[in-house]
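Here is the structure we will look at.
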Amino acid sequence: MINGEERSLTCDPRTPLVDVLRNELRLTGTRNVCREGYCGACSVHVDGKPMSSCLLPVGTLEGRDIVTIEGISQGDKLDVIQQAFIDLDVIQCGMCFPGMVMTLRPFLRDNPSPSRDAVKFALVGNVCRCTGYERIIDAVMSVVDATEVTE
């Protein structure tokens with residue numbers, strides 16, 4: 001299941017999930033940057049946990065629940081983390097944005113009142129080459145007291 005919808009695929013089972021999402025299903029919000037699981041830009045949720053989709057052969061995911069960045073908004077309403085990134089002008093090139101949001105959602109769900117240091121640690125697997133991380137942390141902290149994050 002991808003973003004709550006049953007999907008049937010006929011691709012090579014060794015194909016990385018990121019390629020299937022982008023090329024077969026046209027879910028292009030998941031970014032393909034390093035292809036080595038280092039940068040976090042391709043993060044998606046698999047059964048509620050963030051994972052690097054560039055490292056996941058699609059054949060290993062049958063019966064799993066996959067959520068992409070496209071699957072977290074509710075209609076025209078953005079997820080609270082997405083909105084905080086926009087409100088605090090965090091985004092520059094946008095390559096890391098989806099992966100960071102996908103990493104932060106389950107983190108905040110499981111840690112509703114994290115410290116700044118805990119947020120920094122949660123983002124260790126996400127690389128941003130454009131901006132300082134302080135603005136990103138500020139955006140996350142603005143969400144912490146204002147909202148409950150759910151899956």
Side-chain angles (χ1 to χ4, degrees), residues 1-11 15-34 37 39-58 60-114 116 118-120 122-123 125-151:
M1 185 168 306
I2 300 175
N3 295 335
E5 185 178 323
E6 287 291 334
R7 298 286 187 134
S8 179
L9 303 169
T10 58
C11 58
T15 305
L17 177 60
V18 68
D19 292 337
V20 172
L21 293 172
R22 293 182 61 79
N23 302 332
E24 304 284 327
L25 302 176
R26 302 293 182 231
L27 296 170
T28 57
T30 302
R31 305 291 194 234
N32 187 7
V33 178
C34 76
C39 72
C42 69
S43 295
V44 297
H45 296 168
V46 178
D47 297 332
K49 296 179 181 167
M51 299 182 124
S52 296
S53 64
C54 69
L55 299 178
L56 296 171
V58 73
T60 66
L61 300 170
E62 188 172 342
R64 310 285 295 274
D65 183 34
I66 299 164
V67 178
T68 69
I69 191 76
E70 291 90 350
I72 65 167
S73 59
Q74 300 189 359
D76 292 338
K77 186 175 188 232
L78 294 176
D79 177 77
V80 294
I81 301 168
Q82 290 174 303
Q83 192 62 56
F85 274 32
I86 291 167
D87 292 346
L88 275 78
D89 198 26
V90 170
I91 297 130
Q92 289 189 22
C93 82
M95 290 305 285
C96 69
F97 175 79
M100 287 203 183
V101 171
M102 297 307 286
T103 296
L104 288 165
R105 288 190 85 239
F107 169 74
L108 290 176
R109 178 195 62 217
D110 298 341
N111 303 282
S113 297
R116 288 182 75 83
V119 173
K120 289 177 186 179
L123 288 173
N126 295 83
V127 176
C128 176
R129 291 176 174 91
C130 295
T131 189
Y133 287 88
E134 288 306 310
R135 239 194 259 171
I136 295 166
I137 307 302
D138 290 344
V140 174
M141 297 310 291
S142 77
V143 169
V144 167
D145 293 327
T147 299
E148 180 179 323
V149 177
T150 60
E151 179 61 10

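Everything quoted here is computed from the prediction, not taken from an experiment.
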Identify the heavy atoms of [X] and [Y] that sit nearest to each other, and give their distance.
X	Y	answer
C11	V58	SG-CG1, 3.7 Å
V144	P112	CG1-O, 3.3 Å
P98	G29	CG-O, 3.1 Å
S53	V44	CB-CG2, 4.0 Å
P57	T60	O-OG1, 2.7 Å
A118	F107	O-CZ, 3.6 Å

Measuring from [X]:[atom1] to [Y]:[atom2], what's the distance to the nearest 0.5 Å?
X	Y	atom1	atom2	answer
K49	T103	NZ	OG1	14.5 Å
I66	D47	CD1	CG	8.0 Å
I69	R31	CD1	CZ	9.0 Å
M100	Y133	CE	OH	5.0 Å
S73	Q82	OG	CD	6.0 Å
R105	I72	CZ	CD1	4.5 Å

Exercise for the section: Starting from the C-alpha separation in whole Å, work towards a yes-or-no answer on side chain to side chain contact (heavy atoms under 4.5 Å, CB included) for L88 and S142. Expected result: CA-CA 9 Å; L88 275 78; S142 77; 4.1 Å; yes
Exercise for the section: May I ask you to decide whether E134 forms a salt bridge with K120, counting only side-chain N to carboxylate O separations under 4.0 Å? Expected result: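 Salt bridge: yes.
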Heavy-atom check, side chain of [X] versus side chain of [Y], under 4.5 Å:
X	Y	result
I91	I86	yes
M1	V67	no
L104	V143	no
I2	L21	yes
R64	H45	no
I137	L123	yes

Practice task
For E5 and N3, run side chain to side chain contact (heavy atoms under 4.5 Å, CB included): C-alpha distance rounded to whole Å, both residues' side-chain angles, the deciding distance at 0.1 Å, then the answer.
Solution key: CA-CA 6 Å; E5 185 178 323; N3 295 335; 5.7 Å; no
Problem - Result of checking L55, T30, L17, D19 against C42 for side chain to side chain contact (heavy atoms under 4.5 Å, CB included) - result: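 So the option named by the test is T30.
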Handout entry: side chain to side chain contact (heavy atoms under 4.5 Å, CB included) assessment of R116 paired with D138
Key = CA-CA 8 Å; R116 288 182 75 83; D138 290 344; 3.0 Å; yes
Taking [X] for the side chain and [Y] for the main chain, is one N or O donor matched with an acceptor at less than 3.5 Å?
X	Y	result
N111	S113	no
D65	V46	no
R135	V90	no
T68	E70	yes

Exercise for the section: Verify side chain to side chain contact (heavy atoms under 4.5 Å, CB included) between V127 and M95, making sure each step is shown before the conclusion. Expected result: CA-CA 9 Å; V127 176; M95 290 305 285; over 6 Å; no
